[in-house]
Amino acid sequence: MSTAARPRLLLIDGHSMAFRAFFALPDTMVTSTGEVTNAVYGFTSMLTNLLRDEQPTHLAVAFDAGRQTFRTERYPEYKGTRSPTPEAFRGQVPLIREVLAALQVPSIDREGIEADDILATLAGQAEAAGMDVLICSGDRDSLQLVTEHVTVLYPIRGVSELARMTPDAVAAKYGVPPERYPDLAALVGETSDNLPGVPGVGPGVAAKWINQYGDLDALLEQQDSVTGKRGEALREHAAQVRLNRELNALLRDVELAYAPDDLALRGFDRDALFRVADALQFGPLRERLIAVDPAVQDEEPVARASVSVTVDVLGADGPGPWLVARRGDRLGLVVEGRAHPADGDAWSLAVADPSGAAIVVDLTDLDPRADEALAAWLGDADAPKVLHGAKAAWHELSARGYTLRGVVFDTELAAYLCYPDQRGYDLGELVERLLQRDLVPADDAAQGTLDLALDDTGENDRSATRAAAVTELAEVLVGETGDRGATGLLRDVEIPLSDVLARMERRGIAADVPYLTELEGQFGDQVAREAQEAYDAIGREVNLGSPKQLQEVLFDQLAMPKTKKIKTGYTTDAAALADLFAKTEHPFLAHLLAHRDVIRLRQTVEGLLKSVAADGRIHTTFQQTIAATGRLSSTDPNLQNIPIRTEEGRRIRRAFVVGEGYEQLLTADYSQIEMRIMAHLSGDAGLVEAFRSGEDLHRYVGSRVFEVDPADVTPAMRSKVKAMSYGLAYGLSAFGLSQQLGIEVSEASGLMQDYFTRFGGVREYLAGVVEEARASGYTATILGRRRYLPDLTSDNRQRREMAERMALNAPIQGSAADLIKVAMLGVDREIERRGLASRLLLQVHDELVLEVAAGERDEVEAVVREQMGAAADLTVPLDVSVGVGRSWHEAGH
DNA sequence: GGCACGACGTA
DNA sequence: CGTACGTCGTGCCA
C-alpha cells in the first residue's frame, strides 16, 4: 500500500503564457474564417503537455483584469513602456477562456488585480493546505513564490520548453534564494515593467550585495558603507529601489471566489470541447487533449492482458479439415522462416481464426495429403488471409514451393498508411499500442490445450499467438485505415503492389560478373594511385577515409582556411574541398577528391559483387513501409542509387544486363513528373500551358521569367530556372538557391520574385498546402495518402520550418509515388492479361526497368507507355520516355 | 557488436 | 538556410 500522493495544484498565468505563444507561433495560423488562432493554439498545446507531464490534480488559470491596479496608482509609469497589445492577440483571450470552460478549468480574475497576485495568493493557501504547487508564468516576479513545495515553470523559448525553477535552480541562476529574488530585481530593475534599476548594477553585483548584507533592507540601511561609483549610484537611486521593491512584491491575500480545494480537475466537457476545438480547427490537438482528459486518467489502469489463443491439435488428416471448416473466414497467417528474395525458407506457419483458435503446421515434415491441403488453401485467391508483411511471407512460402494468394489485409501496410512517419511496424509494438495487449503466449498453466502433442520449444505457441494477434489487430486497423480515408489505397494499391514487388524481387536483375570483377580491379588500381599521389603531396600517409585525420592535414598541417562548421569540427565534404582547391590549388585536394570518387565506385562494385545470388542475378528488397511520403526504398543492395551522373559511374550500369532467355532491357521513365504534378495541383495557368505546349519546360519557364524569346534563353538562364523549379518542391530558400547556383542571395531572391510574378498560382498553391496542413494536421496526395505533420504548429522555429518544407514536398513526392505504383499495377496486369513473357524488374522512383522477351519489344513498350501515361488523369499530359538495350546503361536515355 | 557521425550515391 | 532514401568507413563505446 502506498500513501496517498500529495495533491498537485497547477496555476497558470493566462496572459503571460498566451502572449508567449502568440509570439512563438506564426500569426498566419488562422481558421478558414480568418480568425487568428496562434495564441489559443499554443496555449492549449502547452496546457496539454503540462497535463500529460505534470499530472496535476488541481488546476486554475488566472488573468489580468482592469487597467488600474495598486501598482499603477502608486506609480503611474508602471508598465508604461509597453506597446499596445496587438489586436490579433486581444481577440484570442476570450477564445482561451472558452477552451478552459470546455475543459472545466476555472479562469480566475478580479478587477484591479494582476494575474500574478492571484497566483501568489492561491499558491500560499495551497501550500499551507499541504499541496504541491506548480506555477507556470512568464513573469520573473513569480520566482519569489518558489519554496520547497512551490515550483515555477518558466518559459525558456516559446511555450514548449519550460525551466523548472526550484529553490536550488533559482539560487544557481541568480545567486540568491527565491525569497530574496525581488530584492535583486529591485536593484537591477525590470525594463518590461518600466522600473529602472541602479545604473551599473547588474544581477551579479546585486546578488553580491544582498548576500553580504543579508537583504535589501539591511543594504539600504547601511548604504553609506558601500564604496565607489556603485555606492554613489545606489544612494542616488535608493528611493526608486524602495519603490521597485514595493511594486514587485506580489499580493498574497487577495480575496478570491475560489479556494485551492475548489480547483480539483473534474474532467473535460466533451461536447463543449468538440465544439470549440472544431470551431478553432485544432486538428490533431483535439486528440492530444482528449488523451489527457483527467476523467479518463483517473480510471484504474487494467492489468494488461496477453493476446490469447487456443492451439488446436491437428489430426492425421493435417490442416485440411480445420481450414475447410473455416472457409470464407478471414484467417490470420504467420509464417516462420527466412524472408529473402533469393534464398528464403519457411519452416512452420500458424493460422488463427477470429475466435482465437489456431493451428500450427510444421512445414519441414509434412505428409503429402497435408501438404496438398495447405498448398490449396495458401494458393486460393478466394480464401481470405490477413498477414503482417505479406511480401516477406510470400518469399518464405515461395521457397517451399507454395503460392500465396487471397491476401485481403496486411496489418503492416495498414499501419504504414495510418502512421507513415513511424520508424518500424513491429507486430508486438502495434499490439501493445492498438490493442493494449502483450504479445507473449499465455502461461502454460492457464492454457491446457497448448502443451499437448506439439514440440515444446514454445516456438509454436509464439507463432499461434502472433497469428491470433494479426487477426485481432486487423480488426482495429480496418477502422483506423477507414478513419484516415486509406481503405482504397490499401486495398487497391499497396496490397496488390506487394505481390508485384515480391515477384520483382524474386526475379532479380542479371549481373555481368566478369565485367564487374574487371571494374573492381580497375577502380582498385585507381584508388591506390590516387592515394599514393595524395600522400606524396603532403609527405605522409593518412587515412583518406577519416574526416578526423583529414581535418588535421587540411587545417593544422596545411593551415588552409576553415570550412563550414560541423559537429566534429570543419567539414571536408566535396563542395568544401572543391572550394579549398579553387583557393589554394593544393594538389592534395585534387587527389583526395579523385580518391573519394573512385573508392566509392569500388565500394559500390564490391557490394554488388557480394550480392550476386546463385542464379547470377541481383535481388534487391523493396521496402514498402519506410518512406513517409509513400515512395519505395531499396535495400540489400540498394539498386535505386546506382551512379548515373558521371561517365565513370555509368560504367557500373553496364554491369546490369539482360538475362538468359530474354532479349533486352527496357527502361521507361516519367519526364519531370514532380513538376507536372505541381502544375496539376496548383492549376497555375502558365505552368500548365508550359507542359501542354510541348516546349522544353525550363526553356519555357526561363523565357517567362527573364522576359525573352524561348529561343533566346541562354544555358545559364535555363539552369537557373531549372534549379529554381526543382527547389520549389523542397521549400528552397533564397539562401539555398544562391548557394546552389553560386550567386548572391539578392539575385536568388530576385529570381524567386520574378518566378512567382509569372507563376503566381504556384506560390498560392504552396502557401495553401502549408496552411491547410496546419489546420487539418496532415497533407494528402492525389490518391489520398496522408502524412501527419504535428510540428507545423510547434513553437520551435526550426522544427516548424522543417515541417513546413515536408508539407510542401510530401504531396508532390507522394503523388508521384502514387502514380508510379498505379502504373506498375497496370503494367503487371496488362502483361499478364496479354500472356507476355516480359517482366518488371526494378522501380527507381520515376523509372521502371523491364526485361523484354524475344519479339515482345514493341508490345511491351506500348503497354508501358499506355499504363504509365494513364496512371492518373491530370490537367497536364504525363510524358514517358522509353529506351532499350542489352544493359541498363544502353537502355538509359 | 552497436552507435553516431560524415560523406555521398539516387530521384 | 532543400525533400526522400541506403550504405560505407571511422571512431568510440561497451
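Chain identifiers are assigned alphabetically (A, B, ...) following the order of the sequence lines, protein sequences preceding nucleic acid strands; residue numbering begins at 1 within each chain.
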Chemist: Contact class for A/R645 vs. all strands (heavy atom < 4.0 Å): base, sugar-phosphate, or nothing?
Modeler: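 Here A/R645 touches the bases of the nucleic acid.
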Chemist: Looking at A/Y570, does the NZ or CZ of A/K564 lie under 6.0 angstrom from its six-membered ring centre and within 45 degrees of the ring axis?
Modeler: no
Chemist: For DNA chain C, what string of dots and brackets results from 5' to 3' when Watson-Crick and G-U pairs need both distances under 3.5 Å, crossing pairs get [ ], and pairs with another strand get |?
Modeler: ..|||||||||||.
Chemist: For DNA chain C, which residues of residues 543-554 of chain A approach it to below 4.0 angstrom with any heavy atom?
Modeler: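 Of all residues in residues 543-554 of chain A, the ones placing a heavy atom under 4.0 Å from DNA chain C are A/N543, A/G545, A/S546, A/K548, A/Q549.
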Chemist: For A/D597 and C/dC8, give me the distance from atom CG to atom P, rounded to whole Å.
Modeler: 18 Å
Chemist: Where do A/Y755 and A/L728 come nearest, in terms of heavy atoms and distance?
Modeler: CE2-CD1, 3.3 Å
Chemist: What's the CZ-C1' distance between A/R596 and C/dT10, to the nearest Å?
Modeler: 12 Å
Chemist: Nearest whole Å is fine: how far is C/dT3 C1' from A/H845 NE2?
Modeler: 12 Å
Chemist: Residues two or more places apart in sequence or in another chain: which of them pass salt bridge (Lys or Arg N to Asp or Glu O under 4.0 Å) with A/R600?
Modeler: none
Chemist: Checking side-chain contact (heavy atoms from CB on, under 4.5 Å) between A/P811 and each of A/I782, A/V769, A/I677, A/T629, which is the one that passes?
Modeler: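 Testing A/P811 for a side-chain contact (heavy atoms from CB on, under 4.5 Å) against A/I782, A/V769, A/I677, A/T629 leaves exactly one candidate, A/V769.
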Chemist: With sequence neighbours left out, write down each residue that passes salt bridge (Lys or Arg N to Asp or Glu O under 4.0 Å) with A/E804, or none if nothing qualifies.
Modeler: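 Listed in chain order: A/R774.
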Chemist: Please test A/E606 against A/R602 for salt bridge (Lys or Arg N to Asp or Glu O under 4.0 Å), starting from the C-alpha separation and ending with a verdict.
Modeler: CA-CA 6 Å; A/E606 276 175 355; A/R602 191 190 63 176; 3.7 Å; yes
Chemist: The criterion is salt bridge (Lys or Arg N to Asp or Glu O under 4.0 Å); which residues satisfy it with A/R596, sequence neighbours excluded?
Modeler: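 Testing A/R596 for salt bridge (Lys or Arg N to Asp or Glu O under 4.0 Å), a comparison that skips the adjacent residues, returns none.
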Chemist: Nearest whole angstrom, please: distance from the C1' of C/dC5 to the CG of A/L639.
Modeler: 14 Å
Chemist: In whole angstrom, give the distance that lies between atom CZ of A/R423 and atom C1' of C/dG6.
Modeler: 17 Å
Chemist: Is there, by distance only and without an angle test, a donor paired with an acceptor across the side chain of A/Q739 and the base of C/dG2 below 3.5 Å?
Modeler: no
Chemist: Please work out if A/I626 contacts a base, only the sugar-phosphate, or nothing of the nucleic acid, heavy-atom cut-off 4.0 Å.
Modeler: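 The residue A/I626 makes sugar-phosphate contact but no base contact.
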Chemist: Nearest 0.5 angstrom please: A/R653 CZ to A/L665 CG, how far?
Modeler: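 Result: 11.5 Å between the selected atoms.
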Chemist: Can you run down the side-chain hydrogen bond (donor to acceptor under 3.5 Å, both in side chains) pairs that involve residues 777-791 of chain A, sequence neighbours left out, and say none if there aren't any?
Modeler: A/D421-A/R787, A/E494-A/R785, A/Y778-A/R786, A/T781-A/D818, A/R785-A/D818, A/R786-A/Y788, A/D791-A/R799
Chemist: Counting only non-hydrogen atoms, which of residues 562-578 of chain A are less than 4.0 Å from DNA chain B?
Modeler: A/I566, A/K567, A/T568, A/T571, A/T572, A/D573, A/A574
Chemist: Look at A/E429 together with A/R423 and state whether they make a salt bridge at an N to O cut-off of under 4.0 Å.
Modeler: no
Chemist: Distance under 4.0 Å to a non-hydrogen atom of chain A counts as contact; along DNA chain B, which nucleotides mark the start and end?
Modeler: B/dC5 to B/dA11
Chemist: Using every non-hydrogen atom in the two residues, find where A/N809 and A/Y730 come nearest and quote the distance to one decimal.
Modeler: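 Of all heavy-atom pairs spanning A/N809 and A/Y730, the closest is ND2-CD2, 3.4 Å.
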Chemist: Test your reading of the model: is there a side-chain donor-acceptor pair from A/N38 to the backbone of A/M29, 3.5 Å cut-off?
Modeler: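 No; judged by distance alone, with no hydrogens or angles, the pair does not exist.
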Chemist: Applying side-chain hydrogen bond (donor to acceptor under 3.5 Å, both in side chains), can you list everything that pairs with A/R503, at least two apart in sequence or on another chain?
Modeler: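 Result, side-chain hydrogen bond (donor to acceptor under 3.5 Å, both in side chains) vs A/R503: A/D499, A/D828.
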Chemist: Could you state the CD1-C1' distance from A/I642 to C/dC5, rounded to the nearest angstrom?
Modeler: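 Going from CD1 in A/I642 over to C1' in C/dC5 covers 14 Å.
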Chemist: Using modelled atom types only, decide if a donor and an acceptor are shared between the side chain of A/R484 and the backbone of A/L417 within a distance under 3.5 Å.
Modeler: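 A pair under 3.5 Å: no.
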Chemist: Test of understanding: with salt bridge (Lys or Arg N to Asp or Glu O under 4.0 Å), list the residues that count as partners of A/D343, not counting sequence neighbours.
Modeler: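 Scan of A/D343 (salt bridge (Lys or Arg N to Asp or Glu O under 4.0 Å), adjacent residues dropped) gives A/R338.
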Chemist: Expressed as a whole number of angstroms, how long is the span from A/M678:CE to C/dG2:P?
Modeler: 16 Å
Chemist: Which ones in residues 795-820 of chain A lie close to DNA chain C, meaning a heavy atom under 4.0 Å from one of its atoms?
Modeler: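 By residue number: A/M802, A/R805, A/M806, A/N809, A/Q813.
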Chemist: Using a 4.0 Å heavy-atom cut-off across all strands, classify A/R787 as base, sugar-phosphate, or nothing.
Modeler: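 Here A/R787 touches the backbone only, sparing every base.
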Chemist: Tell me, please, which residues at least two apart from A/R650 pass side-chain hydrogen bond (donor to acceptor under 3.5 Å, both in side chains).
Modeler: A/E647
